[in-house]
Amino acid sequence: MSPTGQRQFDLNGIHQTGDVILGGLFAINFFSTVPDLSFTSEPQESVCYGFHPSGFRQAQTMAFAIDEINRNPNLLSNVTLGYSLYDNCIELATGFRAAMSLISGQAGEMASEETCVGLPVLGIVGDSFSTSTIAISTVVGLYRVPLVSYFATCSCLSDREKFPSFFRTIPSDSFQVRAMIQILKHFGWTWAGLLISNDDYGVHAARAFLSDLGPIVGSNNLQKRTWMASEAWTSIAELQTSDFMPYLGGTLGIAIPRGEISGLRNFLLQIRPVSKQKNTSEYNMVNQFWEHIFKCRFAPPPEGWLETGGQLCTGQEVIETVLEEEVFDVSDLRPEYNVYKAVYTLAHALDDMLQCEPGRGPFSGDTCAQLQGLEPWQLVYYLEKVNFTTSFGDQVSFDENGDALPIYEIVNWVWLPDGSTKVHNVGEVKRSAKNDIFVIPQPPRSVCSESCPPGTRMAHKKGEPKCCFDCVPCSDGKISNTTDSMECTICPEDFWSSPQRDHCVPKRTEFLSYHEPLGICLTTTSILGTLTCLVVLVIFIYYRSTPIVRANNSELSYLLLMSLKLCFLCSLLFIGRPQPLTCQLRHAAFGISFVLCVSCILVKTMVVLAVFKASKPGAEASLKWFGAVQQRGTVLVLTCFQAVICTVWLVLASPAPHKNTQYYSDKIVYECAIGSTVGFGILLGYISLLAVLSFVLAFLARNLPDSFNEAKLITFSMLIFCAVWVAFVPAYISSPGKYADAVEVFAILASSFGLLVALFGPKCYIILLRPERNTKKAIMGQRR
């Protein structure tokens with residue numbers, strides 16, 4: 001038991017019971033708060049924050065390896081491994097507390113015999129940083145507790161007198177430095193600058209570099225810089241972005257060999273949060289992971305979290321929805337593979353120890369070590385002799401200094417033409433039996449630029465050798481379908497470049513279709529207008545003997561309704577893919593239908609004026625010029641004049657289908673070319689002349705007695721008609737492609753509905769809803 005009042009460490013960890021406990025130290029968080037060391041009050045423990053997905057994945061790799069070993073009947077078959085894994089927060093003090101907790105029992109207390117949680121561990125995997133590892137190994141080495149690091153590379157840790165129980169599955173910096181020097185000499189580079197971190201890792205590497213490099217004789221004509229990265233930052237994805245690649249592109253890096261760990265991803269996908277137990281911080285590491293990937297917080301949340309829209313974690317979130325998170329990416333396992341090998345190193349050493357035959361052991365009196373009462377120094381003995389091969393085919397063993405067999409990969413950062421970055425494995429560095437360093441030659445390409453893929457063309461860099469060029473993407477409408485193309489080829493007229501610019505595809509076509517929402521809406525409106533005209537015509541025929549139908553020139557009313565129906569129907573010719581026949585008919589049908597309609601209105605207005613004039617004494621003879629024959633003749637003559645205009649237009653410059661490529665580069669607009677702007681202008685001008693004339697006459701007759709007067713309705717209807725077509729002209733001119741047809745159809749429908757509602761709406765209202773006003777007495781007596 002610890003003394004009364006002894007303070008316990010509040011560490012972020014996860015645990016699993018077992019016959020033998022292994023410890024682990026990992027960087028789960030990036031940052032930690034700095035405690036107040038003013039010595040005026042008890043200092044608070046630092047709080048870790050800034051979740052590190054890669055560090056958590058490394059910790060879970062250890063948990064996975066232990067789970068895999070426990071399921072392996074050929075390794076430690078009668079022993080169950082457990083673990084205690086802690087977060088070091090990339091801080092020496094926190095990592096040191098965690099290590100002391102591991103070798104002395106969790107939080108300094110011994111647990112009961114029923115559980116191994118809290119018992120001292122027999123080996124530790126970690127730490128990840130050289131400075132922390134030096135401090136921890138100095139202390140745990142006094143008790144000969146094995147410390148197997150997966151990322152601490154400082155050459156100083158190879159001193160067996162200072163660190164008698166230290167091992168590592170990553171090569172020493174002394175080998176990495178010699179590998180870098182070998183690469184410098186291989187390429188004949190004669191000037192080298194050194195950029196280091198101000199810690200044990202950087203300082204010892206710099207000393208080794210300067211002592212091993214020696215003088216280099218050569219030219220000092222430095223043209224460009226080539227970065228050579230150590231294993232610490234070779235695989236940092238944050239540096240492999242478009243912001244840094246203009247400066248770091250072409251970097252050669254020393255990289256930890258990549259490995260494959262089958263089943264690790266499925267293991268990560270099975271992680272689930274567990275409620276905190278009592279006042280401990282157990283499972284806090286897993287809860288941090290859960291909060292990070294789902295952007296939520298477990299209760300109780302931080303102050304202000306809910307008020308700013310934050311969500312509470314339930315623990316029931318679906319992990320399959322966040323598979324793109326970095327922690328689940330197992331395609332490039334480098335430090336994780338070292339963790340995996342470190343755990344298997346301890347397991348094989350323990351298994352070798354348990355295979356010892358009584359009376360033939362390596363210890364005093366030829367004794368063997370026993371699991372009960374096992375001393376850590378006994379496990380160190382077997383670690384020094386461990387030798388096995390991983391499932392990935394890599395041999396694992398240690399030299400007399402506890403260093404792993406040195407092997408590194410050489411990688412090259414390549415900046416691709418599309419702006420992305422790719423890390424190529426271009427070589428391998430390893431030590432031979434004669435302690436020499438060899439570079440397996442897969443050298444970087446001896447050209448200034450990579451080949452230009454299809455979809456791009458080569459643009460030579462001014463003042464550079466011929467092999468130096470930029471890969472410029474082909475512009476819109478051009479392609480290149482070969483590698484290293486000098487020029488891009490223009491696609492044929494009816495084709496356009498694919499998104500990859502490596503082949504031509506047919507251009508998209510556009511016209512006002514019956515199948516698109518706009519075409520469906522206009523078609524529906526046209527049919528609705530036609531049916532409405534038909535209904536009104538039936539009403540007028542059925543009530544033809546009533547005074548209100550007879551008083552308003554029923555014959556012209558029938559003809560006007562028929563012409564309005566034709567106006568509604570002619571709008572359908574503007575919808576659908578343009579054909580030679582529809583292009584010829586659409587404007588002719590439109591022009592003749594509207595002239596027939598406006599002619600009927602004009603004659604009705606003239607009749608109103610003639611009847612009023614004939615009501616004066618001595619003017620009865622004027623009505624003989626406005627009889628039924630004269631009315632029909634006038635409408636026929638006015639309509640025939642428009643038919644002549646359309647015929648001349650169709651004969652001299654007939655409208656025809658046209659593929660327009662001026663509006664859009666990547667698609668073809670099918671439209672009807674009007675053939676003659678003059679012909680179209682005369683057609684519209686003639687309609688406008690009749691409409692204005694009808695409006696003026698109706699306006700002059702608006703105040704005549706109601707017994708003869710329909711002029712007010714005509715005035716209002718022609719006002720709507722003129723307003724629609726005045727607005728049509730600028731809208732039509734400014735609308736591209738199919739929208740010009742849509743504007744014209746809208747104008748036809750709007751003006752037709754305006755005439756129909758203004759002229760026949762009030763009459764239908766009286767006929768159907770106010771029959772008491774549909775009498776001769778009511779009509780004749782309205783203004784008496």
Side-chain angles (χ1 to χ4, degrees), residues 24-27 52-62 64-65 90 125-130 133 148-155 157-158 166-180 182-183 197 201-202 204-205 208 227-240 251-261 264 326 329-345 389-399 402-413 422-431 437-440 442:
L25 301 174
F26 300 93
H52 185 202
S54 179
F56 181 78
R57 185 172 59 227
Q58 293 165 18
Q60 289 301 315
T61 300
M62 180 171 177
F64 168 77
I90 316 183
V125 175
D127 192 290
S128 53
F129 297 94
S130 294
T133 303
V148 185
S149 178
Y150 53 91
F151 210 65
T153 59
C154 180
S155 57
L157 289 166
S158 298
F166 176 76
F167 300 85
R168 53 184 161 195
T169 54
I170 186 172
S172 165
D173 275 339
S174 61
F175 176 76
Q176 181 175 196
V177 167
R178 292 199 299 273
M180 287 183 169
Q182 185 74 10
I183 293 173
S197 57
Y201 168 73
H204 283 85
W227 290 90
M228 188 181 301
S230 68
E231 95 295 337
W233 63 277
T234 291
S235 58
I236 297 179
E238 288 77 8
L239 296 178
Q240 301 168 15
T251 293
L252 284 174
I254 304 294
I256 303 169
R258 186 184 66 85
E260 292 184 5
I261 306 176
L264 176 59
E326 176 188 349
D329 183 8
V330 296
S331 61
D332 192 38
L333 300 177
R334 297 182 186 272
E336 293 84 357
Y337 188 47
N338 281 349
V339 172
Y340 185 76
K341 291 190 290 186
V343 176
Y344 266 88
T345 295
T389 302
T390 68
S391 57
F392 195 57
D394 292 330
Q395 183 183 1
V396 180
S397 62
F398 301 107
D399 63 12
D403 294 330
L405 293 175
I407 181 172
Y408 276 116
E409 292 179 355
I410 304 174
V411 297
N412 181 221
W413 291 4
K422 189 171 184 179
V423 179
H424 287 293
N425 189 345
V426 296
E428 188 179 66
V429 186
K430 62 183 179 180
R431 179 179 297 170
I437 297 176
F438 291 91
V439 178
I440 305 300
Q442 298 176 19

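Nothing here was measured: the structure is a model prediction, and the numbers come from that model.
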For this session: Please confirm whether the backbone N or O of Thr251 pairs with a side-chain atom of Asn412, one donor and one acceptor, at under 3.5 Å?
Result: yes
Determine whether [X] and [Y] make a side-chain contact, defined as any pair of heavy atoms from C-beta on separated by less than 4.5 Å.
| X | Y | value |
| --- | --- | --- |
| Ser391 | Tyr340 | yes |
| Ser331 | Arg258 | no |
| Thr133 | Leu25 | no |
| Phe26 | Met62 | yes |
| Ile261 | Phe64 | yes |
| Ile254 | Ile183 | yes |
| Leu333 | Glu260 | no |
| Ile170 | Ile256 | yes |

Exercise. Of all residues at least two apart in sequence or in a different chain, which pass the side-chain contact (heavy atoms from CB on, under 4.5 Å) check with Ser155?
Worked result: Ser172, Ser174, His204
For this session: Can you sort out the partners of Gln395 under side chain to side chain donor-acceptor pair (under 3.5 Å), two or more places apart, ordered by chain and number?
Result: Asn387
Problem set entry | For Asp173, side chain to side chain donor-acceptor pair (under 3.5 Å) partners two or more places apart | Thr153, Gln176
For this session: May I have the step-by-step check of side chain to side chain donor-acceptor pair (under 3.5 Å) for Thr390 and Tyr337, ending in yes or no?
Result: CA-CA 10 Å; Thr390 68; Tyr337 188 47; 2.8 Å; yes
Exercise. Looking at CZ of Phe56 and CD of Glu326, how far apart are the two atoms once the value is rounded to the nearest 0.5 Å?
Worked result: 12.5 Å
Problem set entry | Nearest-0.5 Å distance, CZ of residue Arg57 to CG of residue Asp329 | 6.0 Å
Heavy-atom closest pair, residues [X] and [Y]:
| X | Y | answer |
| --- | --- | --- |
| Glu428 | Ile407 | OE2-CD1, 3.6 Å |
| Ser149 | Phe166 | CB-CE1, 3.6 Å |
| Ser128 | Tyr150 | CB-OH, 3.4 Å |
| Glu336 | Ser54 | OE2-OG, 3.7 Å |
| Phe129 | Ala27 | CE1-CB, 4.3 Å |
| Thr234 | Gly253 | OG1-CA, 3.6 Å |

Exercise. Where do Val426 and Leu252 land on the side chain to side chain contact (heavy atoms under 4.5 Å, CB included) test, with the steps shown first?
Worked result: CA-CA 9 Å; Val426 296; Leu252 284 174; 4.3 Å; yes
For this session: Answer yes or no: is there an ion pair linking Glu231 with Arg334, defined by an N-O contact shorter than 4.0 Å?
Result: no
Exercise. Is a side-chain donor-acceptor pair under 3.5 Å present for Ser158 with Arg168?
Worked result: yes
